[in-house]
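Note that the structure is predicted; figures quoted are calculated from it, not measured. Note on naming: letters A, B, ... go to the chains in the order of the sequence lines (proteins, then strands), and numbering restarts at 1 for each one.
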Amino acid sequence: MSDGSARSFDRQLLAGLALLLIVGLVALSSATYLLKSGDGLSVINRQLLWIGVGVAGAIFFSLTPLNIIRRLTLPGYLLSLFLLVFVLIAGHGPAGRWLVFAGISFQPAEAAKIASLLMLTSWLASREHRIGNGGTLTGAALIILLPFLLISMQPDLGTALVFIVLGLGMFFWIGVPGHWFLFGLIPIIGGALGFYQVLFFLLLLIILVTALWKRKYRRKLILIFCVFAASGWIVPHLWDSMPQYQKARITSFVGLNADVRGAAYQVIQSKIAIGSGGLAGKGFGKGTQTQLRFLPEHHTDFILSAFAEEFGFIGIILVIGLWMFVLWRCIRQAEHQDLLWNRFLIMGVSIIWGFQWMVNLCMVVGWAPVTGLPMPFFSYGGSAMVVNLCMAGLAVRRYDR
Amino acid sequence: MIDLHVIQAIRARWIRSGLLFFTILIIIRFFYLQILSIENFTRYSEANSVRRIPLTAARGQLLDANGVILVDNRPSYSLFAIPQKFLNDTIAVQLLMQLTGMRKKEVYNRLAAREIRPFHPVRILRDIDFETLTHVEENRESLPGLYVQVEPVRAYSDTIRASHILGYVGEANKKDLESSELHSLQMGDLVGKSGVEKAYDDVLRGTRGYRLSLVDAIGREVADYSNKEDILPVPGKNLQLTLLIDLQMRAEQLLHDLRGSIVVVDPQTGGILAMVSAPDFPLTVFARHLAPEVWNGLINDEDSPLLNRALQAQLPPGSVYKLVSSFAGFDQGVINSVDTLYCSGGFRIGRRRFPCWKEEGHGSMTFITAIAQSCNSYFYNLSQQLDISDWQKWGHLLGFGRIADIDVAQELPGLLPDKNYMDKKYGIGGWTSGQMANLIIGQGDLLVTPIQVAQLAMIIANKGRRERMHITGAVENGIGELQAYQWDSQQIDLPKSSIDLIIEGMKEAVQGKHGSATLARCPGIIVCGKTGSAQNPHGDSHAWFVGFAPMVNPRIAVAVVIENGGSGGAVAAPVAGALFRSFFKGAGNE
């Protein structure tokens, strides 16, 4: 560990990631079978190009000695924050999320993921003996909140949410007591459930009955009951009293697209694509939903719908299985590494990947609003691919014997 | 850091459990979508991308007796829309209204008609012009679910109109849909609404086909889905009518700007050679999208152009009906060839003097001269010796007071008064022999239709044989052969020798020196005829002519009426003469 170089690499994780990358490429080339791009380069060739860049990045991050990475962490984090500010002023693209540099456009929000992750990891690892104290947690929260706020201002709440989840996940991982989370969740759950009255009252009743029954937790439960009831009552009323334009602002901010009908159409078409795929799918490049463009964003956000249509349930099981393996392996490494920095980093990578994976899956099957979170290694997109490969480079590093 | 490792071991277990839980849930979800609901989603997917495009069958052609095409089909462009894709898109609807000039209500009415089957294409507009077509194609991207299809529509001859016989087609209404066989008709299909088009709709319509086509998200056709599953439309069968296009054209010319009817029949077959009801209307207005103003104009026209006067005008026949009365007279033995009556310009019945049309009187009249010169006095005399029921019986036998049951359109029966009718209307004993005198010369309550008069001409020409009158001669079977329709015929027992005397009288009317119908003559042909000038409360007399030619082996029987036209001899007879000349010039050498 003296020079900070990795002793070995996790071959199994490497294999899993490589397979995921290959299946992702198959999915993309199948989904874009009939897609013609404007400037000659097909979608798949562009993606291959980005993978090339990403693999170079991965090699850099897997071989660079740890002390160099640590030295680069703070400048990298500050640079990413600067870029996030810059993109707010001079952003390109549909929602101003892109920066064009030397003819290449990229999304600073993606770069901010890896920069913030490294910053958070270094910060927590450096506070090894004061890991649970308020200063450590406040610092960690600041590291996360800065990029979160800047990205929300773009606005891109879907991506911004990744940072919140990364922060919360890391808190959980460093041992912040469970009931802190639960208690933090109560007003959120209450506020959300306030819109579904039956569920809301049912849950209130359950809490009340438990409180009466379990004498030991009565005080806590009554507190929970009050917070829950208050939030469940206030939020919907607040919402109702809001003028229409404010509601529209909030829904568009939360990522429930302003064009609700458009979003609903996407989800319907996505479910039709998945459902009509059946067990074995319609075959490579033969999905009518995908190829005839009924499925929107079939090579980016909804690539899994396209994949499900063309490769069926079997294909989806394969993808979910591969992902499970990769995430499982990451968690295992995070648990068993000696180096604290590595434990934190791998868990951070798992959280970022796992969250995006879950949200994207929920979105394509109609369980989550269309937030625009892409599927790592599958969705077409240069910045995300490069960043994900760089994170993969970090995740395969091993220091123990 | 043992402490942290212990905590993290527990936390890792939590994380793994959460991951496992989520994975199981999401796999169940995919299982539900892809395995359990596959049929549903496959259907949706196909409804999305496979469009079942109905192919309209071309209606059968209508041909004249010599095979000249009277009604044909031409290709046209129709606009179709998938309601599901279109209905909620207000911008697209707005654009469509702009491009086509349709009203909002029209568009929505069309789309809403298919609410139950949201993916089934609906015809928005039929037979759009080229300019509209270009506009629509240019704006294709903004009109999702809209497509253009070539469909056959009716194309009409420009030499003849024959609007009432041929009839027009229109979109099936609720009543049509209910009365049609299961699924044979759909909303928006064209069906015959009048004339031959209506009467023979099931023969002419053909069977709709389908084409399966693969379309993309904005409704562009990408490829054929599978040619094997396509069902080609079966065109309707062609009908050969008994009409002669030249004669029909001449008849239409003759009634130009007049109000009246012409019916020309082939007495040998009962086939209608020409039939005109004037005024008429151009069928082409019904071929396109019919504007409400045009329709209202037709309905509210004082001269009712939509009315088929040949079948539905119920008019007093005037002296034409003396022919019918004569049969009754012969049957009862009241008149014969030799007895004469002296016409002094009128006839006294009771205390009232009934005038003959010729004030100075016809002098001594035999039956033949009485018919030829249309002497009223002769028939007034007959009326006093004839019972109304005998008179009514012969009217009925010869087809009056009932429909001729021609194969198209709704006829009206006219009015043939019998004793009951008279008793009911005027009270028993409330009507006098004076009313009988009026009936005998075709006045009074008696009403006939032009088709009935033409039928009378045919029966006389055939010496009693009544052929069922018809317009449709043959239908083309599947392999292009014509199969003739069989129409019934019936022999009426006419009183002995009466028929020859009546025909002789009719010949004298046209060919004789003093005849009333000399203007109906045709060079080289012996024409038989009878005129009538029927008084009526609406103005000038209705000018009638009934007749046939030639006298031996008649080939054409004619009824002409010009409503409020004046004297039959001066107004109707020349029209008939022109028809005879046209017919025998064109067909005389056959």
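For chain B, the nearby part of A:Ile317 is the side chain; its heavy atoms alone come within less than 4.5 Å. For A:Ile320, the part lying under 4.5 angstrom from a heavy atom of chain B is the side chain only. Heavy atoms closer than 4.5 Å to chain B are found in the side chain of A:Ile316, but not in its backbone. Contacts between A:Trp323 and chain B at a heavy-atom distance below 4.5 Å are absent for every atom of the residue. Of the two parts of A:Ala308, the backbone and the side chain both hold a non-hydrogen atom closer than 4.5 Å to a non-hydrogen atom of chain B. Looking at B:Ile27, the atoms closer than 4.5 Å to chain A (heavy atoms on both sides) sit in the backbone and in the side chain alike.
Between A:Phe172 and B:Trp14, the distance separating the two ring centers is not shorter than 6.0 angstrom. A:Trp357 has its ring centre less than 6.0 Å from the ring centre of B:Phe22. Ring centroids of A:Phe313 and B:Phe31 are separated by less than 6.0 Å, placing the two rings close together.
Between chain A and the residues B:Leu25, B:Leu36, B:Asn40, the most heavy-atom pairs under 4.5 angstrom are made by B:Leu25. Between chain B and the residues A:Met324, A:Arg343, A:Glu335, the most heavy-atom pairs under 4.5 angstrom are made by A:Arg343.
No side-chain donor from either of B:Asn73 and B:Arg59 sits under 3.5 Å from a side-chain acceptor of the other.
If you take CD on B:Gln149 and CZ on B:Arg126, they are separated by 11.5 Å, rounding to the nearest 0.5 Å.
Here side-chain hydrogen bond (donor to acceptor under 3.5 Å, both in side chains) pairs that include residues 301-311 of chain A, with residues two or more places apart or in two chains, are A:Ser30-A:Glu310, A:Ser270-A:Ser305, A:Lys282-A:Glu309, A:Thr290-A:Glu309, A:Gln291-A:Glu310.
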